[in-house]
Amino acid sequence: MDIKGQYWTDDDSDGDNESEEFLYGVQGTCAADLYRHPQLDADIEAVKEIYSENSVSVREYGTIDDVDIDLHINISFLDEEVSTAWKVLRTEPIVLRLRFSLSQYLDGPEPSIEVFQPSNKEGFGLGLQLKKILGMFTSQQWKHLSNDFLKTQQEKRQSWFKSSVTIKKFRAGLSIFSPIPKSPSFPIIQDSILKGKLGVPELRVNRLMNRSISCTMKNPKVEVFGYPPSTQVGGHCKNIPTLEYGFLVQIMKYAEQRIPTLNEYCVVCDEQHVFQNGSMLKPAVCTRELCVFSFYTLGVMSGAAEEVATGAEVVDLLVAMCRAALESPRKSIIFEPYPSVVDPSDPKTLAFNPKKKNYERLQKALDSVMSIREMTQGSYLEIKKQMDKLDPLAHPLLQWIISSNRSHIVKLPLSRQLKFMHTSHQFLLLSSPPAKEARFRTAKKLYGSTFAFHGSHIENWHSILRNGLVNASYTKLQLHGAAYGKGIYLSPISSISFGYSGMGKGQHRMPSKDELVQRYNRMNTIPQTRSIQSRFLQSRNLNCIALCEVITSKDLQKHGNIWVCPVSDHVCTRFFFVYEDGQVGDANINTQDPKIQKEIMRVIGTQVYTN
């Protein structure tokens with residue numbers, strides 16, 4: 001029952017408790033007997049005024065002094081790729097369900113919190129992470145919150161402004177890919193007391209998104225809520241929003257701040273990741289030993305990070321990449337990150353510890369990991385038992401290989417593959433977090449983009465998937481030299497990238513285009529002993545290249561068919577192609593050919609933008 005005596009429907013509830021439904025059904029006869037705290041009503045009205053009527057719903061329980069407040073968080077600002085990787089429905093709000101004391105509200109016990117999407121019943125790992133974050137936030141706020149304290153804060157706000165100042169309507173539409181409006185229509189406020197001045201500060205940007213915001217205000221100096229102007233761009237997501245519009249608005253605002261940056265924080269300790277090249281796309285567990293122990297031995301937050309929609313073909317590829325890096329003469333440089341795996345026989349120690357690297361023991365465990373083809377033939381429990389008999393560290397290592405992958409990889413169905421690449425092992429590969437993708441989209445609107453290949457030996461991709469495509473020029477990671485300067489090397493011509501992809505394990509001479517053409521022709525004329533449509537990789541002699549989208553700004557240096565992009569934010573991986581038995585694809589592919597571009601856009605339009 002809402003504050004005007006009307007009945008709310010319970011369409012958004014995910015509960016099945018019959019007693020709750022019964023109480024809800026009879027609330028019209030007995031709910032009126034319960035005292036409802038006026039501050040609760042005021043906070044509900046604030047949500048409606050600042051967001052919309054549909055942003056909050058209320059459920060009372062008749063004779064029980066409890067009330068459920070459902071706050072609907074709009075997440076349509078997330079890009080399609082991000083929402084797919086995070087397994088959320090961007091077209092449906094995330095619901096925060098808070099259970100308060102109806103009569104005491106902020107003076108009562110700390111509210112319980114549920115986080116869910118009504119249509120997303122399974123695999124909603126993001127909800128687990130967000131529930132933990134909001135639980136910690138609420139616990140901290142509850143130490144000093146009370147109805148009188150909140151009333152005092154709101155009275156202060158009212159005394160700062162004339163009575164004629166009103167906020168008609170505020171709609172916060174979020175888009176990580178929208179350009180920042182130049183008009184200062186959305187004033188940024190400090191969450192602490194104003195420091196003597198009510199000007200309109202410069203619009204600042206949230207860590208992982210631009211905010212496209214429209215406001216209708218009678219007085220543009222009115223504070224709504226925002227971030228401290230003194231804070232650097234990118235440091236806003238943990239700031240405490242103002243309490244002046246009530247606790248419900250405050251927790252909604254905090255949730256909006258945290259959702260786009262969830263991948264930047266460990267799902268266990270909620271501390272920021274320290275990755276080599278910034279955060280990656282998927283939420284993950286950090287490498288701190290306590291978090292590793294909690295995750296693997298106690299299952300803490302395992303649903304938030306380990307539940308990665310990883311198909312068998314992708315697991316097969318991840319294991320192949322790990323093996324290639326581990327068997328490389330350069331493993332001490334490129335096998336990064338090194339696994340953090342708890343010893344099953346002694347949960348207080350790490351069997352594989354980045355601080356005490358043991359490549360021989362790691363190789364033994366990896367050799368005991370059963371082929372993915374074998375794994376798909378029987379039950380998971382039986383396969384795990386067999387692996388445990390071979391080596392007790394084999395299965396934990398496989399778990400680490402899967403869960404440490406922070407990129408979104410999907411095997412492309414045959415109907416959506418790029419035919420001109422001539423391999424059935426084609427993958428959609430998205431590794432950019434929302435922040436980088438947002439900057440990429442903004443730059444794309446300004447300068448445009450095109451597609452180019454990036455060739456790197458398969459031994460390097462174990463690290464690339466976890467650390468991102470980095471500028472390795474003049475670093476210990478550099479292998480091929482940097483004849484054209486510092487940056488990420490790309491080419492519109494497939495033969496050049498195929499050449500780079502075959503260089504590794506002591507082979508440092510790039511094959512000529514004629515040699516690649518001969519290899520391609522030879523591979524396509526020799527009768528194949530195995531089906532080219534094989535689901536899994538059947539060879540350890542692998543070549544691979546990536547197809548990337550690159551911004552065509554003046555920063556992109558073109559030296560004939562060798563391009564150098566010094567700005568890592570201007571290169572995003574899109575597709576990944578694997579070739580077996582020394583095979584290569586067509587050496588004459590040119591991504592600037594209109595026919596090739598049309599084919600790329602056909603697949604891109606289906607797989608990336610509309611999923």
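Throughout, residue positions are numbered sequentially from 1 according to the sequence presented.
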> Got a sec, which residues hit ring pair (Phe, Tyr, Trp, His ring centres under 6.0 Å) with W461, two or more places apart in sequence or on another chain?
Replying inline: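 So W461 forms a ring pair (Phe, Tyr, Trp, His ring centres under 6.0 Å) with F576.
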
>> Tell me whether the count of non-hydrogen atoms from other residues, nucleotides or ligands lying under 6.0 Å of NZ in K598 goes above 12.
In response: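 It does not: K598 NZ has 12 such atoms or fewer within range.
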
> With no hydrogens and no angle check, is any side-chain donor or acceptor of Q117 less than 3.5 Å from a backbone partner on L89?
Replying inline: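 It does hold such a pair.
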
> If we only count heavy atoms from C-beta on, is the F420 to I600 side-chain gap below 4.5 Å?
Replying inline: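 Touching, per the 4.5 Å side-chain cut-off.
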
>> Does anything in residues 564-573 form a salt bridge (Lys or Arg N to Asp or Glu O under 4.0 Å)? List the pairs, not counting sequence neighbours.
In response: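 Qualifying pairs, neighbours excluded: R439-D569.
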
> Taking atom types as modelled and ignoring hydrogens, do the side chains of H462 and E336 form a donor-acceptor contact shorter than 3.5 angstrom?
Replying inline: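 There is no such pair between these side chains.
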
> Looking only at atom types and distance, does a side-chain atom of H454 sit under 3.5 Å from a main-chain N or O of Y489, one as donor and one as acceptor?
Replying inline: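 Checking the backbone N and O of Y489 against the side chain of H454, a donor-acceptor pair under 3.5 Å is found.
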
> How long is the span from the OG1 atom in T591 to the CG atom in L547, to the nearest 0.5 Å?
Replying inline: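 So the OG1 of T591 and the CG of L547 are separated by 7.0 Å.
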
> How would you list, by chain and number, every residue that makes a ring pair (Phe, Tyr, Trp, His ring centres under 6.0 Å) with Y338, sequence neighbours excluded?
Replying inline: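 Here the qualifying residues are Y359.
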
> Backbone N or O of S119 within a donor-acceptor pair of the E92 side chain at under 3.5 Å?
Replying inline: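 Confirmed, E92 side chain pairs with S119 backbone.
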
> What distance separates Y500 OH from N460 CG, expressed to the nearest 0.5 Å?
Replying inline: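 The distance works out to 13.0 Å.
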
> Which residues pass the side chain to side chain contact (heavy atoms under 4.5 Å, CB included) test with R258, sequence neighbours left out?
Replying inline: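 Residues passing side chain to side chain contact (heavy atoms under 4.5 Å, CB included) with R258: I133, C237, K238, Y254, T261, Y265, D270.
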
>> Taking the side chain as everything from C-beta on, heavy atoms only, tell me whether L398 gets closer than 4.5 Å to L366.
In response: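 No. Closest side-chain heavy atoms not under 4.5 Å.
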
>> Among residues at least two apart in sequence or on other chains, which ones pass side chain to side chain donor-acceptor pair (under 3.5 Å) with N590?
In response: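 None.
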
> Who passes salt bridge (charged side-chain N to carboxylate O under 4.0 Å, His left out) against E599, sequence neighbours left out?
Replying inline: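 R602.
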
> Quick one: side chain to side chain contact (heavy atoms under 4.5 Å, CB included) partners of P93, sequence neighbours excluded?
Replying inline: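 Testing P93 for side chain to side chain contact (heavy atoms under 4.5 Å, CB included), a comparison that skips the adjacent residues, returns H72.
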
> Does some side-chain heavy atom of F577 sit less than 4.5 Å from a side-chain heavy atom of L418?
Replying inline: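 L418 reaches F577 side chain to side chain.
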
> Are any non-hydrogen side-chain atoms of F427 and L317 less than 4.5 angstrom apart?
Replying inline: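 Touching, per the 4.5 Å side-chain cut-off.
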
>> Main chain of E114, side chain of R97: is a donor-acceptor contact present, judged purely on distance under 3.5 Å?
In response: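 Such a contact is absent between R97 side chain and E114 backbone.
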
> R416 side chain to V603 main-chain N or O, any donor-acceptor pair under 3.5 Å?
Replying inline: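 Looks like no, no N/O pair under 3.5 Å.
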
>> Contact between P118 and F116 at the side-chain level, heavy atoms closer than 4.5 Å - yes or no?
In response: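 Sidechains of F116 and P118: in contact.
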
> Which heavy atom in A394 sits nearest to a heavy atom in V369, and how many Å separate them?
Replying inline: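 Here A394 and V369 meet closest at O-CG2, 3.6 Å.
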
> Roughly how far, to the nearest 0.5 Å, is the CD1 atom of I589 from the OG atom of S497?
Replying inline: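 Here the interatomic distance stands at 10.5 Å.
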
>> I'd like to check the side chain to side chain contact (heavy atoms under 4.5 Å, CB included) partners of Q597; sequence neighbours left out, ordered by chain and number.
In response: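 So Q597 forms a side chain to side chain contact (heavy atoms under 4.5 Å, CB included) with T450, Q592.
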
>> List the residues meeting ring pair (Phe, Tyr, Trp, His ring centres under 6.0 Å) with F451, not counting sequence neighbours, and say none if there are none.
In response: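 Per chain and number, F451 pairs via ring pair (Phe, Tyr, Trp, His ring centres under 6.0 Å) with no residue.
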
> Between SG of C572 and NZ of K436, what distance do you get to the nearest 0.5 Å?
Replying inline: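 Answer for the SG-NZ pair, C572 versus K436, is 5.0 Å.
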
> Within the distance-only criterion (no hydrogens, no angle test), does the side chain of S340 pair as donor or acceptor with the backbone N or O of N353 below 3.5 angstrom?
Replying inline: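 No, the answer is negative, given that no donor and acceptor are paired below the 3.5 Å cut-off.
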
> Under 4.5 Å between any side-chain heavy atoms of L126 and K87, yes or no?
Replying inline: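 Not in contact.
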
>> Just to verify, what does S368 make a side chain to side chain donor-acceptor pair (under 3.5 Å) with, not counting sequence neighbours?
In response: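 Here no residue qualifies.
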
>> Checking R466 against S404: is there a side-chain donor and acceptor pair closer than 3.5 Å?
In response: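 Per modelled atom types, S404 and R466 side chains form a pair under 3.5 Å.
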
> So, does E549 use its side chain to make a donor-acceptor pair with the main chain of S449 at under 3.5 Å?
Replying inline: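 No: the side chain of E549 does not pair with the backbone of S449.
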
> Would R574 and E437 satisfy salt bridge (Lys or Arg N to Asp or Glu O under 4.0 Å), going step by step from the backbone distance to the final call?
Replying inline: CA-CA 12 Å; R574 297 303 185 207; E437 193 71 41; 3.0 Å; yes

>> Could you tell me if the side chain of I545 sits less than 4.5 Å from the side chain of F498, heavy atoms only?
In response: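 In short, these two side chains touch, coming nearer than 4.5 Å.
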
>> Using modelled atom types and a 3.5 Å cut-off, is there a donor and acceptor pairing between side-chain atoms of K444 and backbone atoms of I551?
In response: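 It does not hold such a pair.
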
> With a 4.5 Å heavy-atom cut-off, do R406 and N467 have their side chains touching?
Replying inline: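 In short, these two side chains touch, coming nearer than 4.5 Å.
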
> K558: what forms a salt bridge (charged side-chain N to carboxylate O under 4.0 Å, His left out) with it, not counting sequence neighbours?
Replying inline: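 For K558, no residue satisfies salt bridge (charged side-chain N to carboxylate O under 4.0 Å, His left out) once neighbours in sequence are set aside.
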
> Partners of D367 by salt bridge (charged side-chain N to carboxylate O under 4.0 Å, His left out), sequence neighbours excluded?
Replying inline: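 Partners of D367 under the salt bridge (charged side-chain N to carboxylate O under 4.0 Å, His left out) test: none.
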
>> Main chain of L96, side chain of K131: is a donor-acceptor contact present, judged purely on distance under 3.5 Å?
In response: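 No, the answer is negative, given that no donor and acceptor are paired below the 3.5 Å cut-off.
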
>> Donor-acceptor pair, distance only, cut-off 3.5 Å: does the side chain of S76 make one with the backbone of R90?
In response: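 No, S76 side chain to R90 backbone: no donor-acceptor pair under 3.5 Å.
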
